[in-house]
*Asks:* 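Have a look at this one.
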Amino acid sequence: MTPISVTDRLFFERADAQLGRDTAERELRRALAGAEDGELFLEYRESESISLDDGRIRSAGFDTTLGFGLRAVAGEATGFAHAGELSDAALGRAADSVATIAAGHSGIAAEPPRATNSRLYSDANPLAAMDFGARTSVLGEIDAYARGKDSRVVQVMASLSGEWQAVQILRGDGVRVADLRPLVRLNVAVVMEQNGRRETGSFGTGGRFDYTRLGAPETWRAAVDEALRQAVVNLDSRPAPAGEMEVVLGAGWPGILLHEAIGHGLEGDFNRKQTSAFSGLLGQRIASPGVTVVDDGTMPDRRGSLTVDDEGTPTSRTVLIEDGILVGFLQDRLNARLMGVPTTGNGRRQSYAHAPMPRMTNTVMLGGTHAPEEMIRSVKNGLYAVNFGGGQVDITSGKFVFSASEAYRIENGRITAPVKGATLIGNGPDALTKVTMVGNDMALDPGVGSCGKNGQSVPVGVGQPTLKLAGLTVGGTAA
């Protein structure tokens, strides 16, 4: 069945359905009278999670949600109402409220999103691909495998989580768009003890596919091996140095720094309102030559990908920075219309209870020409940051602070001791100009990213090659 027919059955043709399609279209037209844009967003979601700690299932949960969000946009103003009840009465009350935003307004309805026949992931419900017993068995095998690999393991934590989201987006002009979105994730963490010292290592992986890929032994064993490797590294780590120094960022997940410190500043709403550190710089050089950054929502099966965004627009590959020049921003429909530019398919929302806004999908820096070994050899005294934990960013100034969960000293062109407690301090626009070498090893993250903005969280992806930056401030704990 097509996504439209599947979602029709979920929203309008259920045995207990209280919302008729004709009513939905009529109330939508009433709510959007005089408005330039808006939509009715219908959502059904199944989600579950299972976690294991020290060989026992500690928690297991399953949830379903069903609801709608109704939005009307008149000029810069937005009217939005939502309900966790699909009924003619609930939608009528929402339309009464939302219609007031365009009262007395006589806007011209915006063109509908372009259509697409592409599908970036399976329509099937991923939660049905492996039964509960099989999933708990995988978690048990993870525990046994980790303990069998290294006698220093004193604790194993593992979890499987997944969801299936079905959405249908209706517009006042009668256009309907639907999407069926799978999403799964595996996380493994281990605690090792050696000579009275305990350290943790962790790894996660996932994407828009079903559980069978995560349940394959080669997948979960690789995740355990990586968690064990990180724990072993941390057991040998020593306090990180502090000061201004050259920094080499590893490929893949370190792209989270790019996402946070730079990506948010390239979203359309911040630039339209002139609150981004990049406001007014379109067409100007903001990064070193060789730095090209794209946001690509069209990668098959990737965590941040979407066949269509939450306004019904097909996602795209948007070039943001090209060879160091700022060439574009990420746009939803509202900000694109107000800025007089095309939308890029980046209108995203956490759920039916939230209005869409410009958000990243998979944000990636493209590869260059330098070998990672060449970068290491060129550093006399610096830091090699391979993995990152948490961080904080100020969008207006671009200032950031990120903690490295795995990092090493670089001394006289060689990677030496692992260090603990290193933080990178700087600001996004300045950091972009300090890139002196771009690696030829571009890699994507393993599929675990989530992005928060204005209280909304959505799944995202990141990626980058190995990068060398000159003169970055490192906060450390060494005396």
Side-chain angles (χ1 to χ4, degrees), residues 45-65 124-165 182-237 253 303 350-351 387-390 403 405-406 420 445-450 452 457 459:
R45 189 193 304 249
E46 295 180 2
S47 57
E48 69 168 21
S49 62
I50 310 169
S51 65
L52 173 143
D53 188 353
D54 274 344
R56 296 182 178 181
I57 298 298
R58 293 296 186 186
S59 66
F62 178 82
D63 188 34
T64 62
T65 57
N125 187 335
L127 310 188
M130 182 187 293
D131 63 34
F132 183 83
R135 294 198 291 279
T136 58
S137 177
V138 167
L139 295 178
E141 292 180 71
I142 287 173
D143 182 272
Y145 178 78
R147 295 178 188 276
K149 287 276 288 190
D150 198 308
S151 60
R152 293 172 292 179
V153 173
V154 295
Q155 187 176 11
V156 179
M157 296 155 284
S159 65
L160 279 167
S161 59
E163 68 176 45
W164 185 64
Q165 183 193 31
L183 189 66
V184 294
R185 176 170 170 171
L186 166 69
N187 281 89
V188 179
V190 299
V191 179
M192 282 188 175
E193 183 174 6
Q194 177 177 284
N195 300 326
R197 177 178 178 177
R198 290 192 172 195
E199 294 290 350
T200 301
S202 62
F203 186 75
T205 185
R208 294 198 179 277
F209 39 79
D210 64 43
Y211 278 135
T212 56
R213 194 180 303 188
L214 298 182
E218 61 269 22
T219 300
W220 60 257
R221 285 175 184 164
V224 175
D225 290 343
E226 177 60 17
L228 291 170
R229 185 195 66 79
Q230 288 189 25
V232 169
V233 168
N234 288 332
L235 281 171
D236 192 39
S237 64
W253 178 245
R303 181 174 171 84
Q350 178 175 311
S351 74
N387 278 303
F388 284 97
S403 60
S405 57
E406 181 184 355
K420 187 175 183 179
D445 77 285
V448 296
S450 293
S457 179

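Residue numbers count from 1 along this sequence.
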*Asks:* Tell me, please, which residues at least two apart from Ser51 pass side-chain hydrogen bond (donor to acceptor under 3.5 Å, both in side chains).
*Replies:* Ser59
*Asks:* Between the side chains of Glu163 and Arg208, is the shortest nitrogen-to-carboxylate-oxygen separation below 4.0 Å, so that they form an ion pair?
*Replies:* no
*Asks:* Could you give all pairs that pass the salt bridge (charged side-chain N to carboxylate O under 4.0 Å, His left out) test and reach residues 141-151, with sequence neighbours left out?
*Replies:* Asp54-Arg147, Asp143-Arg147, Lys149-Asp225, Asp150-Arg152
*Asks:* Among residues at least two apart in sequence or on other chains, which ones pass side-chain contact (heavy atoms from CB on, under 4.5 Å) with Thr219?
*Replies:* Thr205, Leu214, Ala216
*Asks:* Applying salt bridge (charged side-chain N to carboxylate O under 4.0 Å, His left out), can you list everything that pairs with Arg135, at least two apart in sequence or on another chain?
*Replies:* Glu48
*Asks:* What residues, two or more places apart in sequence or in another chain, satisfy side-chain hydrogen bond (donor to acceptor under 3.5 Å, both in side chains) together with Gln230?
*Replies:* Glu226
*Asks:* Which residues pass the salt bridge (charged side-chain N to carboxylate O under 4.0 Å, His left out) test with Glu46, not counting sequence neighbours?
*Replies:* none
*Asks:* I'd like to check the side-chain contact (heavy atoms from CB on, under 4.5 Å) partners of Asn195; sequence neighbours left out, ordered by chain and number.
*Replies:* none
*Asks:* Of all residues at least two apart in sequence or in a different chain, which pass the side-chain hydrogen bond (donor to acceptor under 3.5 Å, both in side chains) check with Ser159?
*Replies:* none
*Asks:* Residues two or more places apart in sequence or in another chain: which of them pass salt bridge (charged side-chain N to carboxylate O under 4.0 Å, His left out) with Arg58?
*Replies:* none
*Asks:* Does anything in residues 191-220 pair up under ring pair (Phe, Tyr, Trp, His ring centres under 6.0 Å), and if so which pairs, sequence neighbours excluded?
*Replies:* Tyr145-Trp220
*Asks:* Of all residues at least two apart in sequence or in a different chain, which pass the salt bridge (charged side-chain N to carboxylate O under 4.0 Å, His left out) check with Arg198?
*Replies:* Glu193
*Asks:* Not counting sequence neighbours, which residues clear side-chain hydrogen bond (donor to acceptor under 3.5 Å, both in side chains) with Asn234? List them please.
*Replies:* none
